[in-house]
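Order of listing sets the numbers, starting from 1, for every ligand and every atom in it.
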Amino acid sequence: MSRDLPCSLSTRVNHPPRLRLKEWNLPSAQPIFQAAKFSVDTLDGWVERSNEARESGEELFLYSRISNPTLRELEMLLAELQGREDAITFASGMAAISASLLSLVSKGDEIILFRESYQPSRTIVKSMLGRLGVGHQLFSITKLGELEQALATPVRGGGNRILFFESPTNPICRVADLERICRLARDAGALTILDNTFAGPHQHGEFPVDLILHSLTKYAAGHGDVTAGAVMGSRALVARIRETAILLGATLDPHAAFLIQRGLKTYGLRYPAQCRGALEVARFLSSHPRIARVFYPGLESDPGHATARRQMKDMGAVLAIELKELDAGAFVSKLKLFAFTVSLGATESLATPVLPLYGSDLTADEKRECDLTTRTVRLSIGLEDPTDLIADLTQALDSTQV
Ligand SMILES: Cc1ncc(COP(=O)(O)O)c(C=O)c1O
């Protein structure tokens with residue numbers, strides 16, 4: 001609005017003065033585009049113009065559910081970190097998973113996943129997509145021979161197949177052999193989606209998975225103050241997911257995107273430091289008399305260690321333990337530094353009894369196969385001094401009654 005147009009206060013405050021910064025005088029932190037909409041000269045030919053702009057590497061914006069500059073900057077960064085052409089962000093990791101699967105499957109298709117995956121992902125496949133006529137098969141990540149056999153048989157009715165998997169898995173930190181899984185899927189013509197949340201955005205990008213997906217709520221944001229998700233892949237696949245995402249509307253808020261960008265600035269320091277803490281805690285716990293087993297790929301004794309050494313730079317800040325005779329809930333409630341809660345990858349340490357949260361859809365045999373028991377606890381190691389964390393674990397192990 002022109003400054004010399006006479007108007008009342010209520011008009012002026014709704015058309016405030018705007019500063020346009022010079023290219024040579026920009027802020028060191030990019031401002032947040034906290035706007036739901038962007039004005040245009042005309043809506044005629046909007047779709048063609050925005051497609052043309054994207055083709056030529058420019059971006060046009062109309063409505064933040066469709067796209068927003070703060071989100072695009074985060075998406076461009078995430079795509080680059082994982083070595084992919086494009087990315088799309090979401091309001092949560094689950095929004096990223098559900099929108100991706102919904103945009104890629106049709107009735108008669110089949111999703112293969114591992115039992116040792118994050119329970120809500122299993123529920124989306126088994127219940128939500130099951131209701132829509134999408135089939136599924138579940139295998140253990142430790143029995144890839146069974147997966148190979150299943151892939152050798154085409155989907156009944158000629159449907160397409162998606163292999164959806166995590167590495168390391170939530171909550172027991174089993175390691176998927178990415179090279180073998182990618183080879184098996186490629187030979188069988190199945191599309192691959194890797195939930196890379198536990199490994200983080202600096203790992204696994206070199207493997208030929210079609211889509212890489214993250215809960216950014218965890219390591220990327222890092223401070224436990226936002227929920228977000230993202231999917232990275234080829235321009236064509238991401239465009240397909242974006243169409244569905246725009247309709248579903250599970251869009252990330254620009255302020256949350258800014259917090260994730262800020263969190264990522266210290267990711268390269270946080271993640272390895274948390275991994276060092278996790279290894280120290282894992283080593284301590286594996287020699288404690290009240291601990292039956294420690295699940296952490298960074299331990300030489302872990303069944304996934306050799307595969308993890310081949311394919312991971314850092315082993316993650318999450319480990320799981322099986323207590324010898326103590327109940328997981330009773331033990332966790334004795335901890336003073338570890339918060340008794342869900343989630344992982346934050347700067348503070350967290351402890352979660354896994355069975356009530358992650359096993360309710362599994363049969364007793366499946367729970368056994370996945371090592372989910374009333375004595376299993378997942379620990380996420382933060383940035384505290386590991387000596388203090390070990391002291392806290394020691395007092396809780398010593399004081400919990402059987
Ligand atoms: C492996 C994995 N995938 C997806 C999710 C879902 O992410 P969000 O909680 O951001 O929806 C989680 C959350 O814990 C997770 O651990």
Side-chain angles (χ1 to χ4, degrees), residues 74 78 82 87-102 111 113-126 128 141 163-176 178 192-201 203-204 209 211-232 241 245 248-253 256-257 259-260 263-264 271 274 278 295 297 304 312 315-320 339 341-346 350-354 356-361 370 372 376-382:
L74 175 60
L78 292 167
Q82 293 275 228
I88 172 168
T89 49
F90 290 90
S92 69
M94 286 318 295
I97 294 172
S98 50
S100 303
L101 291 176
L102 277 170
I111 301 177
L113 69 166
F114 294 106
R115 280 191 198 102
E116 300 93 333
S117 49
Y118 180 55
Q119 183 191 339
S121 302
R122 290 197 303 265
T123 305
I124 285 193
V125 173
K126 288 163 131 181
M128 196 173 94
I141 210 162
L163 184 55
F164 179 75
F165 62 107
E166 293 165 26
S167 191
T169 60
N170 187 2
I172 291 294
C173 306
R174 288 196 181 146
V175 181
L178 296 186
T192 41
I193 306 180
L194 167 63
D195 180 340
N196 208 19
T197 301
F198 266 44
Q203 306 210 72
H204 295 158
V209 281
L211 289 166
I212 302 183
L213 189 149
H214 285 269
S215 165
L216 303 173
T217 314
K218 312 298 183 315
Y219 293 112
H223 297 76
D225 46 13
V226 281
T227 66
V231 186
M232 298 104 200
I241 296 169
L248 292 177
T251 316
L252 184 60
D253 178 74
L259 288 175
I260 293 157
L264 281 168
Y271 193 100
Q274 289 176 247
F295 308 90
M312 294 179 79
M315 302 292 178
V318 180
L319 57 126
T341 185
V342 292
S343 204
L344 56 109
L350 317 169
T352 318
V354 299
L357 286 155
Y358 302 118
S360 59
D361 63 318
C370 296
L372 299 185
T376 319
V377 177
R378 186 187 69 194
L379 298 175
S380 172
I381 304 303

Parallel, tilted or perpendicular: which fits the ring planes of Phe114 and Phe165, with parallel below 30° and perpendicular above 60°? perpendicular
Search all heavy atoms of Gly224 against all heavy atoms of Ala346 and return the closest pair with its distance. N-CB, 4.2 Å
What pair of heavy atoms forms the shortest contact from Cys173 to Phe198, and how long is it? SG-CE2, 4.1 Å
Closest protein heavy atom to [atom], given as residue, atom name and distance to 0.1 Å:
atom                    : value
atom 10 (O) of ligand 1 : Thr217 OG1, 2.6 Å
atom 8 (P) of ligand 1  : Gly93 N, 3.3 Å
atom 2 (C) of ligand 1  : Asp195 OD2, 3.4 Å
atom 6 (C) of ligand 1  : Tyr118 CE2, 3.5 Å

Check ligand 1 against [X] and write out every atom of the ligand that is under 4.0 Å from a heavy-atom position of the residue.
X      : result
Ala228 : 10 (O)
Asn170 : 14 (O), 15 (C), 16 (O)
Met94  : 6 (C), 7 (O), 8 (P), 11 (O)
Ile97  : 4 (C)

Regarding atom 9 (O) of ligand 1: of the candidates Glu166, Lys218, His214, which has the closest heavy atom? Lys218
If you measure from each non-hydrogen atom of Val342 to ligand 1, which part falls under 4.0 Å: side chain, backbone, both or neither? neither
Quick one: does ligand 1 sit under 4.0 Å from the side chain of Ala95, the backbone, both or neither, non-hydrogen atoms only? neither
So do Leu78 and Leu264 actually touch side chain to side chain, heavy atoms under 4.5 Å? yes
I'd like to check Leu372 versus Pro171 (side-chain heavy atoms, cut-off strictly below 4.5 Å). Are they in contact? yes
